Asks: 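This is the structure I have questions about; it appears just below.
So you know, we letter chains A, B, ... as the sequences are listed, proteins then strands, and number each from 1. Keep in mind that this is a model prediction, so the values were computed, not measured.
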Amino acid sequence: MTDRDPFTDDDRQVPAGDGSALLLDIDGFEGPLDLLLELARAQKVDLLRISILALSEQYLAFIAEARRLRLELAADYLVMAAWLAYLKSRLLLPKEEDKEEPSAEELAQRLQIRLRHLAAMREAGAALMARDRLGRDVFGRGAPEGLALEKRPVYDVTLYELLRVYGAFRMRSSVTSLTIRRRPIYALDAALRRLGALLDTSLNWTQLRAYLPPEIGDPAMRRSALASLFAASLELARTGRAELRQMETFGPLYVRRREAK
Amino acid sequence: MTVRHDIDHEPEEMADEHLRMIEALLFAASEPLAVEEIAARLPAGLPVDAYLARLEEDYRSRGVNLVRTGERYMFRTAPDLAFLLRREVEEPRKLSRAAVETLAIIAYHQPVTRAEIEEIRGVGLSKGTLDVLMAAGWVRICGRKRTPGRPLTYGTTDDFLAHFGLPSLDDLPGIDELKATGMLDGIDDLFAEAGAGMNADGETSVSTEDEDDATGS
Amino acid sequence: MTVRHDIDHEPEEMADEHLRMIEALLFAASEPLAVEEIAARLPAGLPVDAYLARLEEDYRSRGVNLVRTGERYMFRTAPDLAFLLRREVEEPRKLSRAAVETLAIIAYHQPVTRAEIEEIRGVGLSKGTLDVLMAAGWVRICGRKRTPGRPLTYGTTDDFLAHFGLPSLDDLPGIDELKATGMLDGIDDLFAEAGAGMNADGETSVSTEDEDDATGS
């Protein structure tokens, strides 16, 4: 069995007096322990001084009466009745030395402790409910402005990340542009035309560098032009139109026209 | 008066200004505020506890009091003025005896399992009872007990403290007495070793009386 | 000081008690209270106006003020402390790669239009990206470009410089400087197989190529 609906009001009948005038309203009790506690209350003595034997007798009488009236009794109550009947007999019989089982007095004491405990909790509950309760006896601010918590996103990007991302991105984009576009060069065709024409103007050994187009100022472009002129000089030498000479390693390179034989 | 002392380290007008700030925060809040929540909205390093103690004192005699519930603070109307404020609207539904008892058992014995509650009350707990207490925001699931079956355990919430005006669980009515009489010891101990425990508590008179009764009647 | 006088007709402790009551009523009220509403809840014949004036004064310098709106009174947190009631908490978030790239492009190329950013990145810019950067306070609208359609241009803010610890935009390192720090080494490897031209210093080579194209071969 379980207790009753949490919101039903408790208007049960408390057994009055010595228990002889029991008002049988078994539904009003929250289980056998509750019934026992109420019966104990009816003894009007401190729970510490309650007679468990008398209590057992009262309980058994209550149950007997309920059965006589054919009231429906939950199993819990009957189990408790059986146990109390047993306890009662143990309490009345002469003591036996039995180490196996707790003595009748111990059993009685346990029951008494349980009753005291339940009573204590019941009182505590009542004391709680009697406190000045928020929203009933004491009140918080009726119209609180409330405390707002505004979340402001903070991005944890560092300069390092920013630069790295930008760098990576620029590298990527420069790769693509380099594969599409041509390198800045002085074309070999142009070098061949220029060297071929200029060789005819001189019979002496002349530094190859002297044939660089003077209008090219950009060093990179000059480097490219020099490379192209060198390649052109090699081409002219291969076809027998020019001679090349170098006096030492990494020394200046000289070129002159070669007379056709 | 270390409290005063702490604040007195600050120039008076600064202290006043900080008191104003805390006052404003507590007034504006719709829920009890934790000390850290207050501190988070104030200049760093203030002795918030000292300020709160000061405000508590300043408001003690007023129509509105500063009270602590759990580790939180809130302003609320003075209890003695309840007669003035009690709302005409019908009271929230009265809790059943079962629910009140269950709440008390949870409050005093937490963390406690459903089986333990049933053990104390000597009756099964209907499903609705815990629901009602949890819906009211007073009871929460604490965790699981380290016993076979790992049953759930229940305990009370901060709202419970706030609702019943309790600074802490140590302020539960009658808790000292209950502790002293061993009522709040482990529930298993309480019942299984009741006999032995009783003697240790020096309440041997009980057992003799029981014996008396047993032999007497 | 007629106000004081009115109250002073009462014994002091009575006056205090009445002040407490009004205080509690106003505190607990969910709406501003009219003088008559307050009077109706108090013992008859009290100089409620005088009490209210007194409370108004008592609370004037505090974190909570008694304010009158129309013929009604209510407690309100002091206006100068309103800033306390709002609290911003910083919520760290990760910026998307697209956003970081966009930010970098704006930083290096400002003032720059959305179309230009898209052209540089080679992909469309989702609506949110610029919003996020502007919400973060790093990017602002600079003006409009003098081209057909007069598109908006974007640039960075002072907050941007502050956040990244840059004295000025000139202190943003150039690509070759970045390479010199070795910061892009990993990236180099990434693109190494993509072309030998990598070693030419990014920025300048691009422009010379353009010139080369112009001169033809």
Asks: Let me confirm one number: the CZ-CZ distance from R41(B) to F83(C), rounded to the nearest 0.5 Å.
Replies: 11.0 Å
Asks: Has E118(C) got more than 12 heavy atoms of other residues, nucleotides or ligands less than 6.0 Å from its CD?
Replies: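 Atom CD in E118(C) is crowded, with more than 12 foreign heavy atoms closer than 6.0 Å.
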Asks: Flag the one option from N65(B), T77(B), D16(B) with the top tally of heavy-atom pairs under 4.5 Å to chain C.
Replies: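 With the most close heavy-atom pairs to chain C, the winner is T77(B).
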Asks: Please classify the contact between L84(C) and chain B as side chain, backbone, both or neither, with a heavy-atom cut-off of under 4.5 Å.
Replies: both
Asks: Is it the side chain or the backbone of D80(B) that comes within 4.5 Å of chain C heavy atoms, both, or neither?
Replies: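 Only the side chain of D80(B) comes within 4.5 Å of chain C.
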Asks: Name the region of I38(B), side chain, backbone, both or neither, that has any atom closer than 4.5 Å to a heavy atom of chain C.
Replies: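 For I38(B), neither part sits under 4.5 Å from chain C.
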Asks: If the plane angle is over 60° it's perpendicular, under 30° parallel, otherwise tilted; pick one for F27(C) and F75(B).
Replies: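 F27(C) and F75(B): perpendicular rings.
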Asks: Please name the pair of heavy atoms, one in V64(B) and one in E23(C), separated by the smallest distance, quoted to 0.1 Å.
Replies: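 Shortest heavy-atom contact: N-OE1, 3.9 Å.
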Asks: Considering only heavy atoms, which portion of A29(B) lies under 4.5 Å from any heavy atom of chain C: side chain, backbone, both, or neither?
Replies: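 Contact with chain C is absent: no heavy atom of A29(B) under 4.5 Å.
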Asks: Heavy atoms only: give me the nearest G63(C)-A24(B) pair and the separation to one decimal.
Replies: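 The pair with the smallest heavy-atom distance is O-CB, 3.5 Å.
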Asks: Please check if atom CZ in R72(B) has more than 12 non-hydrogen atoms from other residues, nucleotides or ligands closer than 6.0 Å.
Replies: yes
Asks: For A78(C) and R20(B), work out which heavy atoms get closest and say how close.
Replies: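 Looking at all heavy atoms of both residues, the closest pair is CB-NH2, 3.3 Å.
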Asks: If you count every heavy atom of other residues, nucleotides or ligands that lies below 6.0 Å from Q110(C) atom CD, does the total exceed 12?
Replies: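 Result for CD/Q110(C): enclosed.
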